[in-house]
Student: 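Pasting a structure below so you can have a look.
Note on naming: letters A, B, ... go to the chains in the order of the sequence lines (proteins, then strands), and numbering restarts at 1 for each one.
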There are 2 protein chains.
Amino acid sequence: MTDHSPHLHTEYSPLFDYFNNLHRISDEAKDAIEAICNISKIPKNKDLQSIGHTCRTIYFVKKGIARIYYYKDGTDVTESFAFENSLIARVESLFTGKPSRKGIQVLEDSEFIGISSPLLFDLYDQFPDIERLFRKIFESAYVETVNRIESLQFHSAEERYHALTQESPDFLKRIPLKYIASYLGITQVSLSRIRALR
Amino acid sequence: MTDHSPHLHTEYSPLFDYFNNLHRISDEAKDAIEAICNISKIPKNKDLQSIGHTCRTIYFVKKGIARIYYYKDGTDVTESFAFENSLIARVESLFTGKPSRKGIQVLEDSEFIGISSPLLFDLYDQFPDIERLFRKIFESAYVETVNRIESLQFHSAEERYHALTQESPDFLKRIPLKYIASYLGITQVSLSRIRALR
DNA sequence: ATGATTATTTAACATTTGTAAAAGGAATCG
DNA sequence: CGATTCCTTTTACAAATGTTAAATAATCAT
(Lines give C-alpha, C1' and ligand atoms only; values in the text may rest on other atoms or scores of the structure.)
Protein backbone atom coordinates (compact mmCIF):
# COMPACT_ATOMS: atom_id res chain seq x y z
CA MET A 1 0.00 0.00 0.00
CA THR A 2 2.44 2.62 -1.10
CA ASP A 3 1.24 6.15 -1.36
CA HIS A 4 3.14 7.51 -4.32
CA SER A 5 0.35 9.82 -5.35
CA PRO A 6 0.59 13.25 -3.77
CA HIS A 7 -3.14 13.89 -3.86
CA LEU A 8 -4.07 10.97 -1.60
CA HIS A 9 -4.58 11.51 2.10
CA THR A 10 -4.00 15.21 1.86
CA GLU A 11 -6.20 18.04 2.94
CA TYR A 12 -7.66 17.92 -0.57
CA SER A 13 -8.94 14.36 -0.41
CA PRO A 14 -12.60 15.25 0.37
CA LEU A 15 -12.62 17.21 -2.87
CA PHE A 16 -11.31 14.29 -4.91
CA ASP A 17 -13.73 11.92 -3.21
CA TYR A 18 -16.47 14.27 -4.32
CA PHE A 19 -15.10 14.33 -7.87
CA ASN A 20 -14.81 10.54 -8.01
CA ASN A 21 -18.55 10.16 -7.56
CA LEU A 22 -19.18 12.25 -10.64
CA HIS A 23 -16.40 11.41 -13.09
CA ARG A 24 -13.10 9.60 -12.67
CA ILE A 25 -10.04 11.58 -13.60
CA SER A 26 -6.43 10.51 -13.91
CA ASP A 27 -3.83 11.02 -11.21
CA GLU A 28 -2.10 13.53 -13.44
CA ALA A 29 -5.36 15.47 -13.69
CA LYS A 30 -5.73 15.37 -9.92
CA ASP A 31 -2.22 16.70 -9.49
CA ALA A 32 -2.96 19.47 -11.95
CA ILE A 33 -6.07 20.46 -10.04
CA GLU A 34 -4.30 20.26 -6.71
CA ALA A 35 -1.72 22.69 -8.05
CA ILE A 36 -4.39 25.38 -8.54
CA CYS A 37 -6.13 24.87 -5.19
CA ASN A 38 -5.62 26.39 -1.82
CA ILE A 39 -7.25 26.27 1.58
CA SER A 40 -9.15 29.14 3.19
CA LYS A 41 -10.32 29.13 6.77
CA ILE A 42 -12.96 31.73 7.48
CA PRO A 43 -14.48 32.53 10.87
CA LYS A 44 -18.24 32.66 11.39
CA ASN A 45 -20.10 35.61 9.84
CA LYS A 46 -17.15 36.79 7.75
CA ASP A 47 -17.19 37.07 3.98
CA LEU A 48 -15.37 34.50 1.92
CA GLN A 49 -15.91 36.66 -1.17
CA SER A 50 -17.14 40.21 -1.10
CA ILE A 51 -19.77 41.90 -3.19
CA GLY A 52 -18.56 43.68 -6.31
CA HIS A 53 -15.68 41.49 -7.35
CA THR A 54 -15.60 39.11 -10.28
CA CYS A 55 -15.87 35.46 -9.29
CA ARG A 56 -12.57 33.73 -10.05
CA THR A 57 -12.70 30.95 -7.49
CA ILE A 58 -14.89 27.88 -7.16
CA TYR A 59 -15.09 26.78 -3.54
CA PHE A 60 -15.54 23.34 -2.10
CA VAL A 61 -16.93 23.40 1.43
CA LYS A 62 -14.76 21.16 3.57
CA LYS A 63 -16.34 22.27 6.83
CA GLY A 64 -19.08 24.71 7.74
CA ILE A 65 -21.78 26.49 5.76
CA ALA A 66 -21.71 29.36 3.29
CA ARG A 67 -24.40 31.39 1.59
CA ILE A 68 -24.52 33.56 -1.50
CA TYR A 69 -26.27 36.83 -0.74
CA TYR A 70 -26.97 40.25 -2.18
CA TYR A 71 -28.86 43.37 -1.31
CA LYS A 72 -32.22 44.22 -2.82
CA ASP A 73 -33.33 47.75 -1.91
CA GLY A 74 -31.18 47.63 1.20
CA THR A 75 -32.46 44.28 2.44
CA ASP A 76 -30.29 41.20 2.63
CA VAL A 77 -31.39 38.39 0.30
CA THR A 78 -29.98 34.87 0.38
CA GLU A 79 -29.72 33.25 -3.03
CA SER A 80 -28.39 29.87 -1.92
CA PHE A 81 -26.63 27.87 0.77
CA ALA A 82 -23.79 25.36 0.57
CA PHE A 83 -23.09 22.72 3.19
CA GLU A 84 -20.13 20.39 3.62
CA ASN A 85 -19.06 18.43 0.56
CA SER A 86 -20.58 20.69 -2.01
CA LEU A 87 -19.34 23.42 -4.32
CA ILE A 88 -20.26 27.08 -4.24
CA ALA A 89 -19.59 29.84 -6.76
CA ARG A 90 -21.30 32.93 -8.06
CA VAL A 91 -22.09 31.35 -11.38
CA GLU A 92 -23.47 34.41 -13.15
CA SER A 93 -20.09 36.08 -12.64
CA LEU A 94 -17.95 32.97 -13.11
CA PHE A 95 -19.27 32.33 -16.61
CA THR A 96 -19.70 35.90 -17.81
CA GLY A 97 -16.58 37.47 -16.32
CA LYS A 98 -18.67 40.36 -15.04
CA PRO A 99 -18.38 41.62 -11.46
CA SER A 100 -20.87 40.01 -9.15
CA ARG A 101 -23.42 41.95 -7.13
CA LYS A 102 -23.36 39.00 -4.79
CA GLY A 103 -21.09 37.98 -1.94
CA ILE A 104 -20.33 34.73 -0.16
CA GLN A 105 -20.65 34.75 3.60
CA VAL A 106 -19.81 32.05 6.08
CA LEU A 107 -22.39 31.01 8.71
CA GLU A 108 -20.12 28.89 10.89
CA ASP A 109 -16.35 28.73 11.31
CA SER A 110 -15.62 27.15 7.96
CA GLU A 111 -12.93 25.68 5.80
CA PHE A 112 -12.86 25.80 2.01
CA ILE A 113 -10.82 24.46 -0.85
CA GLY A 114 -10.61 27.24 -3.42
CA ILE A 115 -10.07 26.34 -7.06
CA SER A 116 -8.84 29.12 -9.33
CA SER A 117 -11.38 29.23 -12.15
CA PRO A 118 -9.15 30.88 -14.81
CA LEU A 119 -6.49 28.25 -14.18
CA LEU A 120 -9.11 25.51 -14.11
CA PHE A 121 -10.52 26.62 -17.46
CA ASP A 122 -6.98 26.54 -18.85
CA LEU A 123 -6.67 22.93 -17.73
CA TYR A 124 -9.67 22.03 -19.89
CA ASP A 125 -7.44 22.08 -23.00
CA GLN A 126 -4.84 19.80 -21.49
CA PHE A 127 -7.19 17.43 -19.63
CA PRO A 128 -10.46 16.67 -21.43
CA ASP A 129 -11.50 14.67 -18.38
CA ILE A 130 -11.33 17.76 -16.21
CA GLU A 131 -13.54 19.58 -18.68
CA ARG A 132 -15.92 16.65 -18.61
CA LEU A 133 -15.93 16.49 -14.81
CA PHE A 134 -16.84 20.14 -14.48
CA ARG A 135 -19.32 19.91 -17.31
CA LYS A 136 -21.14 17.28 -15.28
CA ILE A 137 -20.83 19.31 -12.09
CA PHE A 138 -22.44 22.34 -13.66
CA GLU A 139 -25.06 20.31 -15.47
CA SER A 140 -26.19 18.95 -12.11
CA ALA A 141 -26.16 22.41 -10.61
CA TYR A 142 -28.21 23.62 -13.57
CA VAL A 143 -30.82 20.94 -12.96
CA GLU A 144 -31.07 21.93 -9.29
CA THR A 145 -31.61 25.51 -10.34
CA VAL A 146 -34.38 24.57 -12.77
CA ASN A 147 -36.11 22.66 -9.98
CA ARG A 148 -35.74 25.64 -7.70
CA ILE A 149 -37.51 27.84 -10.23
CA GLU A 150 -40.42 25.45 -10.27
CA SER A 151 -40.58 25.72 -6.50
CA LEU A 152 -40.50 29.53 -6.49
CA GLN A 153 -42.79 29.90 -9.47
CA PHE A 154 -45.75 27.89 -8.32
CA HIS A 155 -45.57 26.66 -4.79
CA SER A 156 -46.81 28.68 -1.85
CA ALA A 157 -44.36 29.91 0.77
CA GLU A 158 -45.80 27.35 3.16
CA GLU A 159 -45.23 24.52 0.70
CA ARG A 160 -41.70 25.70 0.09
CA TYR A 161 -40.97 25.83 3.80
CA HIS A 162 -42.25 22.33 4.44
CA ALA A 163 -40.42 20.93 1.43
CA LEU A 164 -37.23 22.47 2.73
CA THR A 165 -37.56 21.14 6.27
CA GLN A 166 -38.31 17.65 5.02
CA GLU A 167 -35.57 17.50 2.40
CA SER A 168 -32.85 18.82 4.65
CA PRO A 169 -33.50 19.16 8.37
CA ASP A 170 -29.98 20.57 8.67
CA PHE A 171 -31.29 23.86 7.37
CA LEU A 172 -33.30 24.51 10.51
CA LYS A 173 -30.61 23.31 12.86
CA ARG A 174 -27.74 25.29 11.41
CA ILE A 175 -29.11 28.30 9.57
CA PRO A 176 -30.72 31.37 11.18
CA LEU A 177 -34.35 31.77 10.12
CA LYS A 178 -33.75 35.26 8.79
CA TYR A 179 -31.59 33.77 6.05
CA ILE A 180 -34.02 30.95 5.33
CA ALA A 181 -36.85 33.44 4.90
CA SER A 182 -35.31 35.36 2.04
CA TYR A 183 -34.07 32.11 0.50
CA LEU A 184 -37.73 31.05 0.38
CA GLY A 185 -38.62 34.42 -1.14
CA ILE A 186 -40.58 35.69 1.89
CA THR A 187 -40.01 37.93 4.90
CA GLN A 188 -38.93 36.80 8.33
CA VAL A 189 -42.33 37.74 9.75
CA SER A 190 -44.09 35.66 7.14
CA LEU A 191 -41.89 32.70 7.93
CA SER A 192 -42.65 33.05 11.64
CA ARG A 193 -46.35 32.98 10.82
CA ILE A 194 -45.97 29.83 8.77
CA ARG A 195 -43.99 28.17 11.54
CA ALA A 196 -46.61 29.14 14.11
CA LEU A 197 -49.27 27.11 12.29
CA ARG A 198 -47.95 24.00 14.05
CA MET B 1 -16.90 29.94 -54.10
CA THR B 2 -17.22 26.20 -54.16
CA ASP B 3 -19.54 24.57 -51.75
CA HIS B 4 -17.93 21.26 -50.95
CA SER B 5 -19.21 21.16 -47.40
CA PRO B 6 -22.55 19.40 -47.07
CA HIS B 7 -23.67 21.41 -44.04
CA LEU B 8 -23.59 24.77 -45.78
CA HIS B 9 -26.75 26.25 -47.25
CA THR B 10 -28.87 23.42 -45.99
CA GLU B 11 -31.93 23.51 -43.80
CA TYR B 12 -29.54 23.14 -40.87
CA SER B 13 -27.51 26.28 -41.50
CA PRO B 14 -29.32 28.48 -38.89
CA LEU B 15 -28.27 25.96 -36.28
CA PHE B 16 -24.62 26.08 -37.31
CA ASP B 17 -24.71 29.87 -37.47
CA TYR B 18 -25.94 29.78 -33.90
CA PHE B 19 -23.16 27.39 -32.90
CA ASN B 20 -20.49 29.50 -34.58
CA ASN B 21 -21.23 32.40 -32.27
CA LEU B 22 -20.49 30.26 -29.25
CA HIS B 23 -17.68 27.95 -30.28
CA ARG B 24 -16.17 27.05 -33.64
CA ILE B 25 -16.28 23.40 -34.51
CA SER B 26 -14.69 21.54 -37.41
CA ASP B 27 -16.55 20.60 -40.58
CA GLU B 28 -16.29 16.97 -39.55
CA ALA B 29 -17.96 17.81 -36.27
CA LYS B 30 -20.69 19.66 -38.13
CA ASP B 31 -21.26 16.68 -40.36
CA ALA B 32 -21.44 14.42 -37.34
CA ILE B 33 -24.05 16.64 -35.73
CA GLU B 34 -26.01 16.95 -38.94
CA ALA B 35 -26.19 13.16 -39.05
CA ILE B 36 -28.09 13.06 -35.77
CA CYS B 37 -30.51 15.90 -36.56
CA ASN B 38 -33.89 15.96 -38.14
CA ILE B 39 -36.56 18.50 -38.91
CA SER B 40 -39.97 18.63 -37.21
CA LYS B 41 -42.79 20.87 -38.36
CA ILE B 42 -45.49 21.30 -35.75
CA PRO B 43 -48.77 23.20 -36.18
CA LYS B 44 -49.88 25.82 -33.70
CA ASN B 45 -51.03 24.60 -30.28
CA LYS B 46 -49.80 21.05 -30.78
CA ASP B 47 -47.24 19.37 -28.55
CA LEU B 48 -43.73 18.91 -29.81
CA GLN B 49 -43.01 16.66 -26.81
CA SER B 50 -45.64 15.31 -24.50
CA ILE B 51 -45.70 15.15 -20.73
CA GLY B 52 -44.39 11.96 -19.17
CA HIS B 53 -41.66 10.98 -21.57
CA THR B 54 -37.94 11.22 -21.01
CA CYS B 55 -36.29 14.08 -22.87
CA ARG B 56 -34.02 12.66 -25.55
CA THR B 57 -34.05 15.53 -28.01
CA ILE B 58 -32.63 19.03 -27.88
CA TYR B 59 -34.57 21.34 -30.18
CA PHE B 60 -33.41 24.38 -32.07
CA VAL B 61 -36.27 26.69 -33.00
CA LYS B 62 -35.95 27.54 -36.67
CA LYS B 63 -39.32 29.21 -36.85
CA GLY B 64 -42.09 29.90 -34.37
CA ILE B 65 -42.31 29.75 -30.58
CA ALA B 66 -42.43 26.92 -28.10
CA ARG B 67 -43.00 26.74 -24.39
CA ILE B 68 -42.22 24.21 -21.68
CA TYR B 69 -45.24 23.66 -19.47
CA TYR B 70 -46.60 21.40 -16.76
CA TYR B 71 -49.65 21.08 -14.57
CA LYS B 72 -49.64 22.17 -10.95
CA ASP B 73 -52.86 21.08 -9.19
CA GLY B 74 -54.66 21.01 -12.50
CA THR B 75 -53.60 24.46 -13.67
CA ASP B 76 -51.30 25.00 -16.61
CA VAL B 77 -47.93 26.53 -15.70
CA THR B 78 -45.40 27.81 -18.24
CA GLU B 79 -41.81 27.24 -17.20
CA SER B 80 -40.14 28.92 -20.18
CA PHE B 81 -40.46 30.09 -23.77
CA ALA B 82 -38.16 29.69 -26.74
CA PHE B 83 -38.18 31.94 -29.79
CA GLU B 84 -36.44 31.58 -33.12
CA ASN B 85 -32.71 30.86 -33.02
CA SER B 86 -32.62 29.40 -29.57
CA LEU B 87 -32.51 25.95 -28.06
CA ILE B 88 -35.16 24.31 -25.94
CA ALA B 89 -35.06 21.13 -23.91
CA ARG B 90 -36.48 19.79 -20.64
CA VAL B 91 -33.16 19.95 -18.90
CA GLU B 92 -34.14 18.24 -15.66
CA SER B 93 -35.02 15.15 -17.70
CA LEU B 94 -32.23 15.47 -20.27
CA PHE B 95 -29.49 15.34 -17.65
CA THR B 96 -31.06 12.91 -15.21
CA GLY B 97 -32.64 10.45 -17.64
CA LYS B 98 -35.84 10.56 -15.63
CA PRO B 99 -39.24 11.02 -17.31
CA SER B 100 -40.30 14.65 -17.45
CA ARG B 101 -43.49 15.94 -15.90
CA LYS B 102 -43.24 18.71 -18.46
CA GLY B 103 -44.23 19.00 -22.09
CA ILE B 104 -43.23 21.23 -24.97
CA GLN B 105 -46.04 22.98 -26.81
CA VAL B 106 -45.89 25.10 -29.90
CA LEU B 107 -47.56 28.54 -29.91
CA GLU B 108 -47.34 29.25 -33.65
CA ASP B 109 -46.88 27.01 -36.66
CA SER B 110 -43.27 26.14 -36.00
CA GLU B 111 -40.25 24.38 -37.35
CA PHE B 112 -37.55 22.72 -35.27
CA ILE B 113 -34.24 21.04 -35.72
CA GLY B 114 -34.18 18.12 -33.31
CA ILE B 115 -30.82 16.82 -32.07
CA SER B 116 -30.80 13.36 -30.55
CA SER B 117 -29.28 13.83 -27.12
CA PRO B 118 -28.04 10.24 -26.58
CA LEU B 119 -26.29 10.37 -29.93
CA LEU B 120 -24.99 13.86 -29.20
CA PHE B 121 -23.53 12.74 -25.87
CA ASP B 122 -21.84 9.86 -27.71
CA LEU B 123 -20.21 12.38 -30.03
CA TYR B 124 -18.58 14.06 -27.02
CA ASP B 125 -15.95 11.27 -26.91
CA GLN B 126 -15.07 11.57 -30.56
CA PHE B 127 -15.27 15.38 -30.86
CA PRO B 128 -14.04 17.31 -27.80
CA ASP B 129 -15.11 20.50 -29.56
CA ILE B 130 -18.70 19.33 -29.61
CA GLU B 131 -18.52 18.65 -25.89
CA ARG B 132 -17.03 22.10 -25.40
CA LEU B 133 -19.70 23.75 -27.56
CA PHE B 134 -22.52 22.22 -25.59
CA ARG B 135 -20.76 22.85 -22.32
CA LYS B 136 -20.81 26.53 -23.22
CA ILE B 137 -24.42 26.36 -24.36
CA PHE B 138 -25.58 24.89 -21.08
CA GLU B 139 -23.37 27.16 -19.02
CA SER B 140 -25.12 30.14 -20.61
CA ALA B 141 -28.50 28.58 -20.04
CA TYR B 142 -27.52 27.96 -16.43
CA VAL B 143 -26.63 31.62 -15.97
CA GLU B 144 -30.00 32.68 -17.41
CA THR B 145 -31.72 30.38 -14.98
CA VAL B 146 -29.82 31.79 -12.01
CA ASN B 147 -30.87 35.28 -13.06
CA ARG B 148 -34.45 34.14 -13.37
CA ILE B 149 -34.38 32.89 -9.78
CA GLU B 150 -33.25 36.30 -8.64
CA SER B 151 -36.18 37.79 -10.49
CA LEU B 152 -38.74 35.39 -9.00
CA GLN B 153 -37.24 35.47 -5.54
CA PHE B 154 -37.22 39.15 -4.87
CA HIS B 155 -38.93 41.25 -7.46
CA SER B 156 -42.64 42.03 -7.38
CA ALA B 157 -44.90 40.68 -10.10
CA GLU B 158 -45.18 44.21 -11.46
CA GLU B 159 -41.40 44.58 -11.65
CA ARG B 160 -41.13 41.23 -13.37
CA TYR B 161 -43.78 42.17 -15.90
CA HIS B 162 -42.15 45.47 -16.79
CA ALA B 163 -38.72 43.87 -17.02
CA LEU B 164 -40.15 41.32 -19.41
CA THR B 165 -41.87 43.81 -21.67
CA GLN B 166 -38.77 45.97 -21.88
CA GLU B 167 -36.30 43.16 -22.48
CA SER B 168 -38.34 41.44 -25.14
CA PRO B 169 -41.38 43.20 -26.58
CA ASP B 170 -41.93 40.10 -28.71
CA PHE B 171 -43.39 38.39 -25.68
CA LEU B 172 -46.46 40.60 -25.70
CA LYS B 173 -46.91 40.50 -29.44
CA ARG B 174 -46.68 36.78 -29.91
CA ILE B 175 -47.56 35.06 -26.65
CA PRO B 176 -51.05 34.88 -25.11
CA LEU B 177 -51.19 36.62 -21.74
CA LYS B 178 -52.42 33.53 -19.98
CA TYR B 179 -49.08 31.88 -20.65
CA ILE B 180 -47.11 34.96 -19.67
CA ALA B 181 -48.96 35.13 -16.35
CA SER B 182 -47.88 31.73 -15.09
CA TYR B 183 -44.39 32.30 -16.47
CA LEU B 184 -44.23 35.35 -14.20
CA GLY B 185 -45.53 33.25 -11.32
CA ILE B 186 -48.92 35.00 -11.05
CA THR B 187 -52.50 34.45 -12.18
CA GLN B 188 -54.03 35.82 -15.32
CA VAL B 189 -56.28 38.09 -13.27
CA SER B 190 -53.31 39.51 -11.43
CA LEU B 191 -51.53 40.19 -14.69
CA SER B 192 -54.58 42.01 -16.08
CA ARG B 193 -54.59 44.21 -13.02
CA ILE B 194 -50.93 45.06 -13.44
CA ARG B 195 -51.50 45.88 -17.09
CA ALA B 196 -54.46 48.10 -16.24
CA LEU B 197 -52.23 50.38 -14.17
CA ARG B 198 -51.15 52.04 -17.38
C1' DA C 1 -70.33 36.92 -42.29
C1' DT C 2 -72.06 34.44 -38.24
C1' DG C 3 -72.03 31.74 -34.46
C1' DA C 4 -69.04 29.39 -31.33
C1' DT C 5 -65.04 29.25 -28.93
C1' DT C 6 -61.23 31.23 -26.61
C1' DA C 7 -58.79 35.12 -24.45
C1' DT C 8 -58.83 39.12 -21.62
C1' DT C 9 -60.66 42.26 -18.45
C1' DT C 10 -63.39 43.68 -14.61
C1' DA C 11 -65.63 43.19 -10.15
C1' DA C 12 -66.20 41.65 -5.41
C1' DC C 13 -64.44 39.36 -1.84
C1' DA C 14 -61.03 36.10 0.60
C1' DT C 15 -56.43 34.99 1.61
C1' DT C 16 -51.69 35.65 1.71
C1' DT C 17 -47.87 38.31 2.35
C1' DG C 18 -45.60 42.75 3.52
C1' DT C 19 -44.48 46.60 6.88
C1' DA C 20 -43.51 48.67 11.16
C1' DA C 21 -43.15 48.44 15.81
C1' DA C 22 -42.87 46.19 20.09
C1' DA C 23 -41.93 42.34 23.08
C1' DG C 24 -39.79 38.14 24.37
C1' DG C 25 -35.73 34.87 23.97
C1' DA C 26 -31.24 33.47 23.02
C1' DA C 27 -26.57 34.21 22.38
C1' DT C 28 -22.43 36.91 23.19
C1' DC C 29 -19.00 39.54 25.40
C1' DG C 30 -16.72 41.94 28.82
C1' DC D 1 -22.93 37.50 36.19
C1' DG D 2 -25.02 41.31 33.87
C1' DA D 3 -25.58 44.06 30.03
C1' DT D 4 -25.85 44.30 25.39
C1' DT D 5 -26.83 42.78 21.08
C1' DC D 6 -29.01 39.93 17.88
C1' DC D 7 -32.72 36.69 16.60
C1' DT D 8 -37.44 35.40 16.58
C1' DT D 9 -42.14 36.01 17.45
C1' DT D 10 -46.26 38.64 17.90
C1' DT D 11 -49.50 42.34 16.87
C1' DA D 12 -52.03 45.46 14.02
C1' DC D 13 -52.69 47.25 9.86
C1' DA D 14 -51.66 47.89 4.68
C1' DA D 15 -50.85 46.13 0.22
C1' DA D 16 -50.57 42.51 -3.08
C1' DT D 17 -52.26 38.51 -5.00
C1' DG D 18 -55.69 34.64 -5.37
C1' DT D 19 -60.51 32.98 -6.37
C1' DT D 20 -64.78 32.97 -8.53
C1' DA D 21 -67.91 34.69 -11.58
C1' DA D 22 -69.51 37.63 -15.06
C1' DA D 23 -68.80 40.85 -18.91
C1' DT D 24 -66.11 42.16 -23.08
C1' DA D 25 -63.17 41.42 -26.68
C1' DA D 26 -60.82 38.79 -29.96
C1' DT D 27 -60.22 34.74 -32.73
C1' DC D 28 -61.61 30.68 -35.25
C1' DA D 29 -64.28 27.55 -38.00
C1' DT D 30 -67.87 26.76 -40.93
Side-chain angles (χ1 to χ4, degrees), chain A residues 43-47 64-65 67 69 71-78 81 105-109 150-165 169-198, chain B residues 42-47 64-65 67 69 71-78 81 105-110 150-165 169-198:
Chain A
K44 181 171 176 172
N45 292 331
K46 292 283 180 227
D47 271 14
I65 306 182
R67 70 179 186 115
Y69 72 98
Y71 291 102
K72 151 78 181 166
D73 300 338
T75 58
D76 179 304
V77 178
T78 296
F81 299 103
Q105 187 200 17
V106 145
L107 302 183
E108 299 173 354
D109 291 347
E150 190 180 327
S151 159
L152 284 168
Q153 193 180 13
F154 247 80
H155 289 75
S156 69
E158 195 181 334
E159 288 171 312
R160 298 200 293 275
Y161 173 73
H162 287 124
L164 186 73
T165 56
D170 257 23
F171 267 79
L172 287 183
K173 285 178 201 145
R174 298 172 64 186
I175 301 176
L177 291 171
K178 62 174 176 173
Y179 297 139
I180 295 181
S182 69
Y183 174 74
L184 293 172
I186 56 178
T187 61
Q188 213 182 139
V189 175
S190 224
L191 179 56
S192 265
R193 265 191 294 243
I194 288 168
R195 285 162 55 81
L197 297 180
R198 63 187 195 83
Chain B
I42 311 283
K44 181 171 178 172
N45 292 331
K46 291 281 180 230
D47 272 14
I65 307 182
R67 70 177 184 117
Y69 72 98
Y71 291 101
K72 149 80 181 167
D73 300 336
T75 57
D76 180 304
V77 178
T78 296
F81 299 103
Q105 187 199 18
V106 145
L107 301 183
E108 297 174 353
D109 291 346
S110 300
E150 191 178 328
S151 159
L152 284 168
Q153 195 180 12
F154 248 78
H155 289 74
S156 69
E158 194 181 335
E159 286 172 314
R160 297 200 295 274
Y161 174 73
H162 286 125
L164 186 74
T165 56
D170 257 23
F171 267 78
L172 287 183
K173 284 178 203 146
R174 299 172 65 187
I175 299 176
L177 292 171
K178 61 175 177 173
Y179 298 140
I180 295 180
S182 69
Y183 174 74
L184 292 172
I186 56 178
T187 61
Q188 212 181 144
V189 175
S190 223
L191 179 56
S192 265
R193 265 192 293 243
I194 289 167
R195 286 164 52 82
L197 296 180
R198 63 188 194 84

Student: How many Å lie between CG on B:Asp76 and P on C:dT8, as a whole number?
Tutor: 13 Å
Student: Could you state the CG-P distance from B:Leu152 to C:dT17, rounded to the nearest angstrom?
Tutor: 15 Å
Student: With respect to A:Ile180, which candidate in A:Ile186, A:Ile175, A:Thr78, A:Thr165 satisfies the side chain to side chain contact (heavy atoms under 4.5 Å, CB included) definition?
Tutor: A:Ile175
Student: What integer distance in Å separates A:Ile175:CD1 from D:dC7:P?
Tutor: 14 Å
Student: Output yes when a side-chain donor or acceptor of A:Gln153 lies under 3.5 Å from a complementary backbone atom of B:Ser182, and no otherwise.
Tutor: yes
Student: Can you measure B:Leu107 atom CG to C:dT6 atom P for me and round it to whole angstrom units?
Tutor: 16 Å
Student: Rounded at 0.5 Å granularity, tell me how far CG in A:Asp73 sits from NE2 in B:His155.
Tutor: 7.5 Å
Student: Provide, to the nearest angstrom, the distance between the NZ atom belonging to A:Lys178 and the C1' atom belonging to C:dA26.
Tutor: 13 Å
Student: Between the two end axes of the helix from C:dA1-D:dT30 to C:dG30-D:dC1, each built from 5 base pairs, what angle do you get to the nearest 10°?
Tutor: 50°
Student: Closest approach of B:Ser110 and B:Gly64, non-hydrogen atoms and distance?
Tutor: OG-CA, 3.3 Å
Student: Can you tell me how far apart OH (A:Tyr161) and CG (A:Leu177) are? Round to the nearest 0.5 Å.
Tutor: 6.5 Å
Student: How many Å lie between CG on A:Asn45 and C1' on D:dC6, as a whole number?
Tutor: 10 Å
Student: Taking all heavy atoms of B:Glu108 and all of B:Val106, pick out the closest pair and write down the distance.
Tutor: O-CG1, 2.6 Å
Student: Using whole Å, what does the distance between atom P of nucleotide D:dT8 and atom CG of A:Leu177 come to?
Tutor: 4 Å
Student: What does nucleotides 16-30 of chain D look like as a protein-contact string, B for base, S for sugar-phosphate only, - for none, at under 4.0 angstrom between heavy atoms?
Tutor: -BBBB-------S--
Student: Working note: B:Lys72 + A:Glu159, criterion salt bridge (charged side-chain N to carboxylate O under 4.0 Å, His left out); need CA distance, chi angles, decisive distance, verdict.
Tutor: CA-CA 13 Å; B:Lys72 149 80 181 167; A:Glu159 288 171 312; 3.1 Å; yes
Student: Got a second to check how far B:Ser151's OG is from B:Leu184's CG, nearest 0.5 Å?
Tutor: 7.5 Å
Student: Does the Lys NZ or Arg CZ of B:Arg67 fall within the cation-pi geometry relative to B:Tyr179 - under 6.0 Å from the ring centre and within 45° of the axis?
Tutor: yes
Student: Using whole Å, what does the distance between atom C1' of nucleotide C:dT17 and atom CG of A:Leu197 come to?
Tutor: 13 Å
